Amino acid sequence: MLIDTHAHIHFDDFKDDLADVLSRARKAGVKKLLAVGVNDTDSERAVALAEEHDYIWASVGLHPHDADRGDRALEKIKELAKNPKVVAIGECGLDQYKSDTTHAQQEYAIRYQIELGLELKRPMIFHVREAFPDFWRIFDSYAGIKGVVHSFTATDTELQEALERGLYVALNGIMTFTKNSDQLFAAKRVPQDRLILETDCPFLAPMPVRGRRNEPANIVYTAEFLAGLRAEPKTELFDASTKNAETLFGI
Ligand code: NI
């Protein structure tokens, strides 16, 4: 059994065949899913989907790319976060790689969401791209944050910084096709009790389905690849990542 901890299955990409996508996921052994929101209206859709299925939960948040939506969006997310199917806050974070929003907007939005997570005692799903020094500055100004660095593609340095702070690390299909040896080195070094898995579908389809629309069933390819990379028995890695996701999100 596997858990897809980061699936945008409420996106329009799946509107024509969601039932088939979900049935393929369950046949592939994906027994639980987290629908992760990226802004206020999208988070509302994630929550609605979670309410329809007992094996789907939601995370609500404002992605750094949407950080310019400001207070109105953040207040909506705060309201949605009180829904019992919402088990995390995010994705939220900092993206200095490619974004139309300013650093100030991103910092405002991540601080608001961290404070919401602390208030509601919910774990955070963080998106951090080329922004770790700023991210740690903000993170370290709070105590007691729980969460995961999603789509982790940084090096062993950032990995150790995340582990020291008690964070989980989520790996996805990027690992199956990256040629970056630092990324693969870090992926091997994630302790088994801190590793969780995700697809980030519809994006980032793993090998051998790279380039197509990604979907939760494809998490198996990533899990099998990582078991090989890390020289761990498949069932051991599958079970550990599942247990970690259940522990972190309380699902
Ligand atoms: Ni995502």
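Counting starts at 1 for both ligands and their atoms, in listed order. Since the structure is predicted, the reported quantities are computational estimates derived from the model, not experimental observations. Counting from 1, the numbers follow the sequence of the chain as shown.
At a cut-off of 3.5 Å, with distance as the only test, a side-chain donor of T199 or D4 sits close to an acceptor on the other residue. Donor-acceptor pairing under 3.5 Å is recorded for the side chains of H8 and D200. Inspection of the S151 and N172 side chains reveals an N or O donor paired with an N or O acceptor under 3.5 Å.
Among the atoms of H63, no N, O or S atom falls under 2.8 Å of the Ni ion (ligand 1). Because the distance cut-off is set at 2.8 Å, H150 fails to qualify as a neighbour of the Ni ion (ligand 1), as none of its N, O or S atoms comes that close.
Looking only at N/O/S atoms, D200 comes nearest to the Ni ion (ligand 1) through OD1. The atom of E91 nearest to the Ni ion (ligand 1) is OE2, with the search restricted to N, O or S atoms.
V220 and L204 fall into different hydrophobic clusters, where Ile, Leu, Val, Met, Phe, Trp and Tyr residues are linked whenever their side-chain heavy atoms come under 4.5 Å apart, directly or through other members.
In this structure, NE2 of H8 and NE2 of H6 enclose an angle of 90° at the Ni ion (ligand 1), rounded to 10°.
Using a 4.0 Å cut-off between a side-chain N of Lys or Arg and a carboxylate O of Asp or Glu, D134 and R137 qualify as a salt bridge.
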